[in-house]
Each structure stands twice: as structure tokens, then as C-alpha cells.
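Beneath this line is the structure, given in C-alpha cells, with notes to follow.
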Amino acid sequence: MRNVLMLSFLLGLSAVPTISAQQSAIYTHELSEFDKAVLLYKDKQYQSAQILFERVKQNNKEQEVAADCAYYIANCAIHLNQSNADELMEKFVKDYPTSSKQNQAYIEVAQYYFEQGKFPQALQYFDKVDESALTYEQSEKFTFQKGYAYFTAGNKKEADEYFKKVVNSKEYGTQANYYLGFMKYEDNNYQDANKYFQKVENEEKYKEKLSYFKADMHFKAGEFEKAIEAGLTAMPNSNAVEKSELNKIIGESYFNLKQYDKALPYLKEYKGKKGKWSNTDFYQLGYAYYMQKDYENAILQFNKIIDGKDFVAQNGYYHLGECYFKTDKKQQALNAFKSASEMDFDKAIQEDANLNYAKLSYEIGNSYQSIPDVLAAFLAKYPNSPSKIEIETLLINSYITSKNYKDALVLLEKNNTETNKPAYQKVTFYRGIELYTDGNYQEALVMFKKSATTARTEKFTARATFWKGETEYVLDNFSEALLSFKQFLGYAAAKETPEYKNINYNIAYAYFKQKEYEQAGNYFQSYIDTNKDDKVRLNDAYLRLGDSRFVTSKYWPAMDAYNKAIEMKGIDADYAAFQKALSYGFVSRNDRKIEDFNKFLQNFKTSKYRDDALFELGNTYVAENKTDLAVKTYDQLLAEFKNGSFASKAVLRQGLVYYNGQKDELALAKFKKVAADYPRTPEALEAVSTARLIYMDNGKVDEYASWVRTLDFVEVSDAELDNDTYEAAEKQYLQNNTKQAISGLSSYVSKFPNGIHALKANFYLAQSYYADGLEANAVSGYEFVISKSRSEFTEQSLARLCEIHLKKNDYTKAVPVLKRLETEADFPQNVTFAQANLMRAYYEQKDYTNAVVYADKVLANPKTDNKVKSDAQIIVARAAIQVNDEAKARTAYAKLLTIAKGELAAEALYYEAYFKHKDGKFEDSNKTVQKLAKEYSGYKYFGAKGLVIMAKNYYQLKDNFSATSILDSVIKNFTAYPDVVAEAQTELDTIKGEAAKTNSSVTE
């Protein structure tokens, strides 16, 4: 440009000789500044050059000079990375459209960006260049650089076009051929790629890269041996990323050649794509280990195959199942075979996986489906399987071994063939036991009858007959129960059953309940003679033997039996001691009776029979004419049991003692106390009647009349009508004419609300309503009774009211009545009943503190049966869980497990697994879940929760496949339990989120 300017200057000088010397000096000075700026630009002193160009441009008005300055100013801005560089260049192009530097400007900017590696910016300016104005030398460089810019931008079509223009260039041909080959390689066009690569294969610069590409192309062409050779050649000079890929190529080539031992070291060195492996990668490494019989390492790889939905995954899961099976990890094997069986990419693998899944389900249990369902599904899907007979046999056996009797029964009743009769008999029997344990006695009875009438195995026929009798007994059908027990004894196989040892005991009770005490006693004696190991039953047998002899007036044998019970120091020793003392009275040994009752009072301070003993002792003193001791004993009874059932009787007896001793004033005081403190009781009526005799004997009839009028339960004028009305109604009640009794008693209560017999009438009316199924109508009668002073009807009324309120789950009304029953009951079974139901009521009301208090009372009672103890333990455990008392929950569930049956046992097992998981005992926790699946598969809710625990255990044991496959199955199979599904989904999301960091096949 400077030459052009100088030429113009010389031409101008010759043409215009009149220009002054001063003007020439100025112009020359300005051009000198411009030249300095150009020199600075060439020295890459862009900041100084830019300042100088701006000064020249400002001071020189020549268009050509201004254009050149603008060009250089913009170029300097680009080199200096100034933010307005683009604007300056665009302004140059716009302001000086005729400048010869316009095209050169675009080229220089583009090449500058290109050299900086800023290819998108370079491409932007390359596109603005007028290619037709380029010289040959400029064109080659421009073409290659623009092609490369397109290459880096991923525009292969344009890059291909530009590279092809310079393939024969001396300077750029080698590079162009390499990149053209690389693009063909990336497009899997290996034929063309090889054509281009061959042109540069002798170039030292590309030899290393070409070895890598050749290895990959040979591999993809199925030329595995060549791929191995090329890969080994390329390995030493490759970078880390390339080495990873070469290891994969070599390893997979050996894998495809079935040389698994050689494949292993290379497959292990593969680092994955961006640090992630695919399911196929895990499968190949796992299979290589599998073929070397290194099952543990194979498992580590196979179980990383997650979210697999293809042929590779099916194969991987199937071989994973084999590895687990060979290492005796059967639960994990079941999960793997299940996953493989649910895919149909390879039908043969699917069938074999189904077979293994079915057989393992039978062997170890299955929480997803009932075992009969699994086995039946296999037979339905593969009716011509060579394993058909084997699976059919397992199907029959599974009805019993899986203990899933409910589902098994459904299947058997659909297919109740002659061949299946033995299995049907067993299943109906065991289903009956389940229903009996759960308290569903009517349905249990149906099952036992079916089992007994499906006579295929005498042992099960005998057992079913026994339990039919046991169920009939619980349902108060004592005569039918006795018949069943006798039938049981008639079977020869009965002696081989576990029930046989208790049969005499059961028969004895059936007689006892029917009041056939002679026979009952004989069978209790037979039981005692042959069974000494079961201390609880033996103790009870002695007690009932004593009762049977006592009722039949065989008092000495009765006392012998009671003595045996006392010697055992077991349950109800106080009762035995009481009965023994009582018996002495019936053999005219009142001295010994008095002695034994005094010992009783000394030895049994808290006995339920203490008030009975005091009352009997007082009566015996009266009989022996020791009236002072009698009165003193009655006083002790009243002091200890002020509101007891004998309180009114004791005061009455004191009055009678005084009356018989002609101490009328003292007697009247006692009789008036009975009438005042215990109105409407039979004792009150007797007290009024005896007081009348005293007043009459003393000629004080007016005083008697005045006193009686103060008693609201004695209506002197209507007494005769009162008695007649009541007696007529009572007669119907005693004859069990319920409808007529209700009519008569209702009429009496209406006419005489405070009548002489109001207490009895209300009780009998309530009992009649209850017997007739009108429980709501009975409530008012029972409430009337319990609102009055303690009587012989109080305890039974409290118990009936409790039953009525509990049936309606009306705990608000039930609780206060239950609490009264607990404190006022004389019969221990009523106390137990009250405590057990208070426990349940408080728990249902979420009053966990009181629920646990009563549960502890129930558990402390040695008479509590296992069913109620199970309920108590579960309430303690659940309440502890609710209030986060983990220590107590652990203890309670552990105790529950020792006594629970059915669903409670399933719940206890679940929590055993749960706590083991929390303690980090993952293997032990899984064993517990397996037990839950095998023995309690009918209880799906806890089975599903157990599976979630198992999945968590496997995750902690680094077995991602087992964890995710279990959680997937829970989500699919247990939609009936949304809380369990939600927990499983949360856990699955967590595991997949972690797995996605290393496995490219996993979708979070």
C-alpha cells in the first residue's frame, strides 16, 4: 500500500507544480506516521499501532489512507481481543466498500481465529471471503483451513467438499487425506476410509493414529485376529483414552473368538465411555469370568446390568442366576432367573429360566407369588416340557411346604382330581389350623370337616377329627366335641399324632362342660396317670379332677386332687387350697376347715378367693357357735372388701348372729345398714323381712312401718301385686321362653321401676334381650344393675356390657366399664378379659402408654393363653414403634416370635429382618426374609415389606442387580399396598441414581 501511495504522490507532484513546499512537508509527515504504524503492526505491537493508525486516520482526510487505517484499526482490535472488534471490521467493510483490502481483511481475521483454535469464529469470516479473488497460494491454504473449520463444526458434508479440493496439494494433501479417511471411518465406511488412510500410512505423524483406526475397523468388520494384531501394535504409543478403547477392541475380539482367558485382562482394563460402562460391557466381562468358573467375579459384573431390556440383559441375568446357584446364593438366583424368564429374546433361555425359577420357588419360598401359582404357571406355559412330571409333583407338595394354604386351596378346589385328594386333605387340615389360630372358628370347622371326610391318609383323618372336636368345643358344642374326640380315639393312627397325648384331657373337659362330672373325673384321672411332662395341663387336670369329685360329693378324693395341685405350686394353687378347706366342711371336719382357711388367709394375701375364704370362715364360726370370731371375721371381710360381692351378705350375717343371740338392737342396726347400703339386693329384702320380725316381737309395728316407708324399693301397699307380677315373668325366664320373658319382665320394670325385684328383673330382662340378639335393648338393663350396689349380678352385667360395646368398637363407652370389671370381678377370667380388651381399646385410641401398661398386665398373668399373649406382645411392639422406643420394640417382637402364629408371626419376622438390617447384619437379615417368604407367604403385606428390606440388604452388599430386580418386582406385584410401593420406588430411584454414574445403560 505504501508503494501505491508513493506512486500517487510522485504523479501528483509532476502534475501540480504550484503546490506549496509547506503542504508537501505536512503530507510527507502524515505518511511517515502511517508507515510507523504499519511497522508496529508487523512487529505485533497492536496496541501502539492501533493508537497511531487512529491518529493518522483522524488527521488525514484522504479516502484511501482512511480506509487503510480503518482496516488496520479493526485488525488490531481483533488481535487485542477487543469486544468491539467485529463492529470495527463490519464498519470498515460498510464504510469502504471499494477498498482493495476488504477481502484480505476477512482472510486475515479468519486465519487469525483459525490459528487461535477458535474455529466457529474463523468459519464466520471464511464464509465472507470472495474465493474467486484469491491467488493460488492463498486458495490452497484457505480451502484447507475452511474445510478443517467445517470438520470441527461437525459439518462433514462441507468439510468433505473442501478437503477433496486439496487432496493432491503438496502442502495440505496429507492432512486432507487423513481427515477425509477419519470422516469415512466415523461413518463406518471402512472401504473409503482405508483408501484415504493408505495415502498417509507412511507418514510418521499418522502411523500411531492409523494403527488405532485399523484395529477398530478390523474389529467392526469381524476380522478379530487382525483387530488384535493392530490393537497390540497401536497400544504402546496411544494416549489413555485410546488405550482404554484398544483394550476393549482386543478384549472383545478375544471374547468373540471364545478365548475368554485371553479376553479377561483386556476387558478389565477398559475404562468405559466417559467413565461409564454399558450393560454389554458388564456382560462380556462377567461372561469371561463365568467361562473360567470364577463365579464370584462373574457375579460382581453381571449384577451391574441394570434396566436391561434386550438379548444381552436376558443372557446376563440367566448366567447370573447360574453363578448365584453355583455359589449357593439361592435367593439371588431366584431373582435373576425371574428376570431372565420375563424376557423372550431367546425362547430356550426363557424356558430354562422359568424352570429354574419354579424349582427354586418351591425350594426356598417366593414372596412375589404363591408357589403353587408359580408351578402351575410353568405347566400352563410349557405343557410339553420334559420336566412336566417333576413340576407336577412339586406342585402337589408345595401346597403343604409353602404353607400358603389359602391360595393352595383355591387351586385345589378348581382341580380336585382323585390324584390330588391326598394333597386336598392335607391342605384343608392346615388351612383349618390357620383359621383356628386366627380365631375364625366357624370357617375352621368347615375345613376340618372337609379334611376328615376326604379320607386318604388315616393320620390326617384322625388329626382333622381331633381339631373338629377342638373347634366344636370352643363353639360351646360340647356334645359334638365329645363325639369327635371319641371318634379320634377310634383311629389306629391316632396314637402316631401329636394330639394323642392330650385326648383324655380334652374328653374330660367335654364331659365337665356338660356337667357329667363322674365321667369327667375319670378322664382327668386317666390323663394324670399317663402325662407327667406338661406341668401346666397336669396342674389344671388335678384342679378339675378335684372339682369333679367335689361336685359328686366325693370330698376325700377331691381333697387328694387339690393337695396334688397345691404341691405343684403352680397356677391356681390358691383355688386348690380354698376348695380343700371348703371340702373339710362337707366331711364334718369344721375344726380342720377353720384351720385351713386361716392358713389360706395367711398364705394368699392377694388371692381372688380371699373374700370367699373370709365369708366361709365366718359362716363356719357361726356353725360352731363361735359368734364373736364370726363377727370379727365378717368385720375383716368388710374392711378388706368394702364393695365386694360378699359385703351385703356379711353385714346380713352379722345381723342374723345378733338376732339369734337376742341382741335385737345390734341386729336392727345391721339390718338397717343392709337396707340402706345395699338396696334392692336379695340381702336387703331378707334384712327387711327379719327386721319386721324383731319389730313385731317387740310390738313396734308403727316404727317398722315408718322405717319401711323410707325405703324406695319396698312398696308396702303394692307388695303383693309386685310379687305376683314378677313371679309370672320370672317363670317364663326360668323356662327359657325368651319372647314371653321379655314381655313380662318389661311390663314389671315399667310398672315397678323401684320394685322389690327391680334388680333381678332388669338383669333377667337384659339377659333375655341379649339371648334374643337384641343387644342394644339389653344395655339399659345391664346399666341399671351396675348402677346399684354390688350384687350377684354386677360382674356378669359388667362383662356383658363390655362385650356389647366392644362389638361396636365403641371404646369410649367400653373403657370405663372394662375398668370397673377389672377391679370388681371375682372370676379371674373376667379380669383377664377386661385387661386384654383395655389393652386393645387403648391401642385403637392411640393411647400407647396405657396400651402398654395393660399389655404388661396381660403378659404377667400366667393364665393368659398364647393367642392373647401374642396380641399383648404385638401391642407392646407396635406401640413402641409408634413412640420410637426401638429398644422396647426389639424386645417385644423377639418375644412375640416365640409364641405367635399366622400373621403376627409374619410381622415379628419382618421386624427381626428390619432390626438386623439396621445393625448391618445384611446376610442374616436376608435369611430372615427368606424364612418369612417360605413359611408365611400367605401374608403378602409383610412379605412385600420384607422384600424391600432384602433389596436394601443387597444394595449394601454391592449387589445392585438383586436390589433393583426385587424393587421392580415389588412395584409391579404389590400395588395393593401403596405405602410399600412408595418405599420401594424411593429406594429404586436412589440405587439407579448411583448406578447411572458408572453405567451408561441406566436411566434415572
Side-chain angles (χ1 to χ4, degrees), residues 1 38 41-44 46 49 68 70-83 85-90 92-93 99-187 189 192-193 195-210 213:
M1 185 66 198
V38 170
Y41 176 83
K42 288 179 179 180
D43 287 341
K44 299 183 179 180
Y46 301 116
D68 287 351
Y71 163 73
Y72 282 116
I73 289 167
N75 248 332
C76 288
I78 290 169
H79 286 291
L80 292 168
N81 288 320
Q82 292 175 348
S83 60
D86 288 350
E87 294 175 13
L88 290 172
M89 189 57 75
E90 292 292 343
F92 162 72
V93 173
S99 171
S100 59
K101 283 189 166 43
Q102 189 174 79
N103 210 42
Q104 185 63 29
Y106 289 138
I107 292 172
E108 288 188 16
V109 175
Q111 289 178 345
Y112 170 75
Y113 279 131
F114 184 89
E115 288 165 5
Q116 294 290 312
K118 299 178 179 178
F119 302 113
Q121 295 95 319
L123 194 56
Q124 182 182 353
Y125 285 96
F126 277 134
D127 284 342
K128 296 179 180 183
V129 173
D130 179 3
E131 296 182 30
S132 63
L134 298 175
T135 65
Y136 177 77
E137 291 78 6
Q138 286 179 317
S139 180
E140 272 198 344
K141 184 177 181 181
F142 171 85
T143 301
F144 174 76
Q145 289 184 335
K146 188 170 183 182
Y148 189 83
Y150 276 127
F151 172 78
T152 60
N155 189 339
K156 292 183 180 180
K157 182 180 177 182
E158 294 293 340
D160 184 83
E161 180 183 336
Y162 276 88
F163 282 142
K164 281 179 177 176
K165 290 178 182 180
V166 291
V167 289
N168 296 317
S169 167
K170 184 177 180 180
E171 186 174 353
Y172 301 105
T174 301
Q175 295 178 74
N177 277 292
Y178 172 78
Y179 288 117
L180 283 166
F182 182 78
M183 287 191 292
K184 297 302 181 185
Y185 162 79
E186 281 195 325
D187 292 339
N189 183 350
D192 285 351
K195 182 180 71 174
Y196 287 114
F197 284 149
Q198 283 172 3
K199 294 179 181 180
V200 297
E201 63 185 359
N202 294 322
E203 295 287 332
E204 195 65 35
K205 178 180 178 182
Y206 297 114
K207 274 185 179 180
E208 295 173 8
K209 296 290 184 186
L210 291 181
F213 295 141

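Positions are given from 1 along the sequence. Keep in mind that what you see is a predicted model, and the values were worked out from it rather than measured.
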For this session: Compare all side-chain heavy atoms of I78 with those of L88 and state whether any distance is below 4.5 angstrom.
Result: no
Problem set entry | side chain to side chain contact (heavy atoms under 4.5 Å, CB included) partners of A49, counting only residues at least two apart | L40, Y41, F53, C76
Exercise. Excluding sequence neighbours, so at least two apart, what forms side chain to side chain donor-acceptor pair (under 3.5 Å) with Q138?
Worked result: Q104, T135
For this session: With sequence neighbours left out, write down each residue that passes side chain to side chain donor-acceptor pair (under 3.5 Å) with S169, or none if nothing qualifies.
Result: E140
For this session: Write out all pairs satisfying salt bridge (charged side-chain N to carboxylate O under 4.0 Å, His left out) with one or both partners inside residues 141-153, taking only residues at least two apart or from two chains.
Result: D127-K146, E131-K146
For this session: With sequence neighbours left out, write down each residue that passes ring pair (Phe, Tyr, Trp, His ring centres under 6.0 Å) with F119, or none if nothing qualifies.
Result: F114, Y148
Seminar exercise, completed: Applying side chain to side chain donor-acceptor pair (under 3.5 Å) to Y71 and not counting sequence neighbours gives N75, E108
Exercise. For Q82, what residues pass the side chain to side chain contact (heavy atoms under 4.5 Å, CB included) criterion, not counting sequence neighbours?
Worked result: Q47, Q50, A77, L80, N84
Problem set entry | For K164, all residues meeting salt bridge (Lys or Arg N to Asp or Glu O under 4.0 Å), sequence neighbours excluded | D160
Problem set entry | Y162: ring pair (Phe, Tyr, Trp, His ring centres under 6.0 Å) partners, not counting sequence neighbours | Y150
For this session: Any chance you could measure L123, atom CG, to N155, atom CG, to the nearest 0.5 Å?
Result: 8.0 Å
Problem set entry | Non-neighbouring partners of K165 that pass salt bridge (Lys or Arg N to Asp or Glu O under 4.0 Å), sequence neighbours left out | none
Seminar exercise, completed: Rounding to 0.5 Å, atoms CZ (F126) and CD1 (I107) come to a distance of 8.5 Å
Exercise. For D130, which residues count as a side chain to side chain donor-acceptor pair (under 3.5 Å) partner, sequence neighbours excluded?
Worked result: S132
